[in-house]
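Working notes, beginning with the structure itself.
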Amino acid sequence: MDTEGSGRRTVTSSPPGRSNTWPDQARRMAREIRRRVLELTLGRDGCYLSQALSSAEILATLYTRSARLGPSLGPAVPPAFSGVPGQAGVSHGHGAAYNGPRGSDYDRLLISPAHYAVAVYAALVSTGRMSPEALDQFNTDGSKLEMIGAEHSPGFELTTGSFGQALSQAGGIAMANSLRGSSGRFFVFMSDGELEEGQTWEALQCLGHYRIDSVVVCVDVNGMQYDGATSEVMNIEPIESRITGFGGIAVSVDGHDVEAIDRAIQQTPHEGRPLVILCYTDSARGMPMLNARKPKLHFVRFRNDSEREHARAVAENWARTA
């Protein structure tokens with residue numbers, strides 16, 4: 001494990017003969033995220049696989065390059081709940097510890113869509129912030145690695161409650177930081193389904209009005225939600241012009257191009273306005289067999305031995321190339 005002195009990113013060292021540039025590291029990490037979640041999907045007979053397939057490069061870019069995150073403060077293997085969460089005397093810990101310490105030298109990464117939790121856990125393992133053995137606990141009784149993440153889940157700082165609440169919470173934290181004169185950015189990872197929620201737009205309007213430019217939003221625009229295609233359930237396009245109208249700055253990128261994502265984050269002027277990176281992605285990335293299920297791809301369970309065989313072959317191939 002090699003942590004750069006700037007505190008900006010944590011990266012894994014490469015085997016001899018492999019490129020150690022950050023884009024290649026991020027691309028390898030994206031494959032690792034997909035592989036780990038695919039293996040869990042096979043092992044648990046179902047998982048939020050499509051969310052990992054679409055968001056892998058976004059999370060890899062944030063964790064290895066764009067966000068200044070210090071070293072993890074969380075245990076390598078999260079301890080199980082010592083009792084019923086909320087019960088007096090029961091400590092559940094805080095998932096934000098895995099994203100490093102708070103302070104003016106660091107940014108904060110806030111995860112909004114709780115059903116992306118498995119992709120976040122895989123990202124933490126792939127960056128050495130959590131042990132691979134921790135994934136054995138995923139979605140088991142008493143574990144903090146729940147399928148739907150909350151504030152005690154590794155990598156999570158917020159319980160986002162009803163869909164689309166994290167941006168409002170991030171905005172409030174950022175405004176408080178601004179009043180205190182503190183530096184540091186607030187990265188908010190969102191799904192495009194959250195753009196169907198009125199609270200998201202209210203939060204954007206508030207950030208624009210108060211000129212809060214420390215908030216950077218990365219949206220996984222995969223075009224699908226629980227009930228089907230977003231274009232049919234509740235059309236959210238044209239997203240760019242809507243974000244501009246509500247006081248933000250929007251940039252659209254290929255969500256599977258790590259360099260394009262980072263370039264948009266680092267080089268887009270947005271003084272006095274929140275920045276929103278619209279990462280257009282494919283929820284069957286790397287697994288074209290899933291295309292036939294679109295737009296009903298919210299939760300993936302392989303239906304027969306043939307599909308499971310194919311999925312195992314894909315996972316083995318990703319393991320060889322990671």
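Because the structure is predicted, anything quoted here is derived from the model rather than measured.
When ring centroids are compared, His310 and Phe302 stay outside the 6.0 Å threshold.
Glu240 CD: more than 12 foreign heavy atoms inside a 6.0 Å radius. Within a 6.0 Å radius of CE in Met289, more than 12 heavy atoms belonging to other residues, nucleotides or ligands are found.
Within the structure, ring-ring contact (aromatic ring centres under 6.0 Å, His included) contacts touching residues 221-268 (residues at least two apart or in different chains) are Trp201-Phe246, Tyr226-His298. Sorted pairs that involve residues 275-297 and meet ring-ring contact (aromatic ring centres under 6.0 Å, His included), not counting sequence neighbours, are lacking altogether. Pairs of residues two or more places apart, or lying in two chains, that qualify as side-chain hydrogen bond (donor to acceptor under 3.5 Å, both in side chains) and include a residue from residues 109-119 are Ser112-Glu194, Tyr116-Asp220, Tyr116-Asn222. Counting only residues at least two apart or on different chains, no ring-ring contact (aromatic ring centres under 6.0 Å, His included) pair has a member in residues 131-151.
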task: Assess whether side-chain contact (heavy atoms from CB on, under 4.5 Å) is satisfied between Leu290 and Leu49, documenting all intermediate values.
output: CA-CA 10 Å; Leu290 295 176; Leu49 173 62; 4.1 Å; yes

field: Worked check of side-chain contact (heavy atoms from CB on, under 4.5 Å) between Asn291 and Asp282
entry: CA-CA 9 Å; Asn291 281 321; Asp282 175 12; 4.2 Å; yes

task: Could you go through the side-chain contact (heavy atoms from CB on, under 4.5 Å) check for Ser126 and Arg36 one step at a time?
output: CA-CA 9 Å; Ser126 298; Arg36 294 182 192 281; 3.4 Å; yes

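Not counting sequence neighbours, the partners of Ala26 by the side-chain contact (heavy atoms from CB on, under 4.5 Å) test are Trp22, Ala60, Thr64, Val258. Legend: residues meeting side-chain contact (heavy atoms from CB on, under 4.5 Å) with Asn235, ordered by chain and number and at least two apart, are Ser231, Glu237.
With respect to the salt-bridge test (charged N to carboxylate O, under 4.0 angstrom), the residues Glu316 and Arg312 do not qualify. In this structure, Asp105 does not pair ionically with Arg68, as no charged nitrogen and carboxylate oxygen lie closer than 4.0 Å. Between Arg35 and Glu39, at least one side-chain nitrogen of the basic residue sits less than 4.0 Å from a carboxylate oxygen of the acidic one, meeting the salt-bridge criterion.
Formation of a donor-acceptor pair under 3.5 Å by the Thr200 side chain with backbone atoms of Glu196 is not found in this model.
Looking at Arg31, Arg34, Arg27 one by one, the single match for salt bridge (charged side-chain N to carboxylate O under 4.0 Å, His left out) with Glu57 turns out to be Arg34. Test Val251, Asp213, Val276 against His270 for side chain to side chain contact (heavy atoms under 4.5 Å, CB included) and you get one pass: Asp213.
At least one side-chain heavy atom of Ile58 sits under 4.5 Å from a side-chain heavy atom of Ile261.
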